Amino acid sequence: MANLVLSECGIRALPRIYTTPRSSFVSNTTTFSFRPSSSSSSSNTKSLAFRLNSRNGFFAKNWGLNVSTPLTTPIVEESPLEEEHEDTQRFDPGARPPFNLADIRAAIPKHCWVKNPWKSMSYVVRDVTIVFALAAGAAYLNNWLVWPLYWLAQGTMFWALFVLGHDCGHGSFSNDPRLNSVVGHLLHSSILVPYHGWRISHRTHHQNHGHVENDESWHPMSEKIYRGLDKPTRFFRFTLPLVMLAYPFYLWARSPGKKGSHYHPDSDLFLPKEKKDVLTSTACWTAMAALLVCLNFTIGPIQMLKLYGIPYWINVMWLDFVTYLHHHGHEDKLPWYRGKEWSYLRGGLTTLDRDYGLINNIHHDIGTHVIHHLFPQIPHYHLVEATEAAKPVLGKYYREPDKSGPLPLHLLEILAKSIKEDHYVSDEGDVVYYKADPNLYGEVKVRAD
């Protein structure tokens, strides 16, 4: 008989360090029992005897089964590579999660849902003060060694203003819709974003995240739409750094395959009752554009380009960089959904958190994107804590972001790889994944000398 050891994992071969189990017949008795038998302490084992007895018929004799088990069962470690392989084989990111939205909500501390308008306003005061201080300092010094540093810093601060206006659009800034609207208009108009037009389309993005056709922001093109793109559009969409300048064009004309504008009240983006809001935001945008034109005549176009124009485009690049990587670029292909396979939860779980190093605090922890997408009403200053609380529920559906250095330079390689590989999805199927066009970059032939 093979030597066996009983453990919580089942029955395994007994290591040779234990004595051979003793099989023996037990004494004649009328009992039915399962008992430990005596054993020498030196063997460090117990013998388990199972007795069946019947004085009539087949069981006229006593049969004993003795299995030797150690008092202390050694832990047999699995190979880490085998465990990793099994986990990879077993987990399917497109499978329906074993939890629901209520489970995640219940894990998040109650105070994370509380909106503090004074705290929110303190971030506005902080960022606006920095913006004006940077502009005043750069204008005063007016040195070409200073200007590049100013452009990077001010462009990043413009992006931080966008994020605060983004909180206003979600209602996570405060519980007062009027305060949210006023602050949102001031912040977004200052960087040439139509607040209500963006707010409404961004709401559509959150309500349909992860849906191939119904999503609004950085959603994949179907193969049919992709094949129908003209060469200039395809080149712009899949070439760095051009694709990182897409946001103003998206505001004017949306994404390929969709019609409408964030500035026009009759766009397909908006309901009839939202026309007034769209007109208000377009008017505020126009007023800001007019102010910039006046400043061009006042201080000159070159100075305006240095003070506002270049930082504006740095802000656009930040916006496209961050929002793209929140939905693309994971080392494992993540699913996109259609039809009955899509749900709010499954779509939200395809989003990604990113670490931006020192920039995390500057742009208000927008990198904690998964919980933000599922619960956009949580204020940005509670997102990190809410994410940590939700991780045990999310399990493998949460993808831990790669740690960043002081600056998120590691994300540049991820961005470049995704742009080269994530081109379109299949026209059919309710769970689809990005595919690459192998001929995309082969269209331009390079002459070899």
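The figures that follow rest on heavy atoms only: side chains count, while hydrogens, waters and symmetry mates do not. All values derive from a computational prediction rather than experimental measurement.
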Lys/Arg N to Asp/Glu carboxylate O, [X] vs [Y], below 4.0 Å:
X: Glu421; Y: Lys417; answer: yes
X: Arg96; Y: Glu341; answer: yes
X: Glu428; Y: Arg338; answer: no

Could you list the residues that satisfy ring-ring contact (aromatic ring centres under 6.0 Å, His included) with Phe99, not counting sequence neighbours?
->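 Counting only residues at least two positions away or on another chain, Phe99 forms a ring-ring contact (aromatic ring centres under 6.0 Å, His included) with Tyr397.
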
Are [Y] and [X] an aromatic pair, judged by ring center distance below 6.0 Å?
X: Trp147; Y: Tyr150; result: yes
X: Phe238; Y: Tyr441; result: no
X: His185; Y: His196; result: yes
X: His380; Y: Tyr123; result: yes
X: His209; Y: His219; result: no
X: His326; Y: His373; result: no
X: His372; Y: His206; result: yes
X: Tyr433; Y: Trp336; result: no

Have His328 and Tyr434 got a donor and an acceptor in their side chains that come within less than 3.5 Å?
-> yes

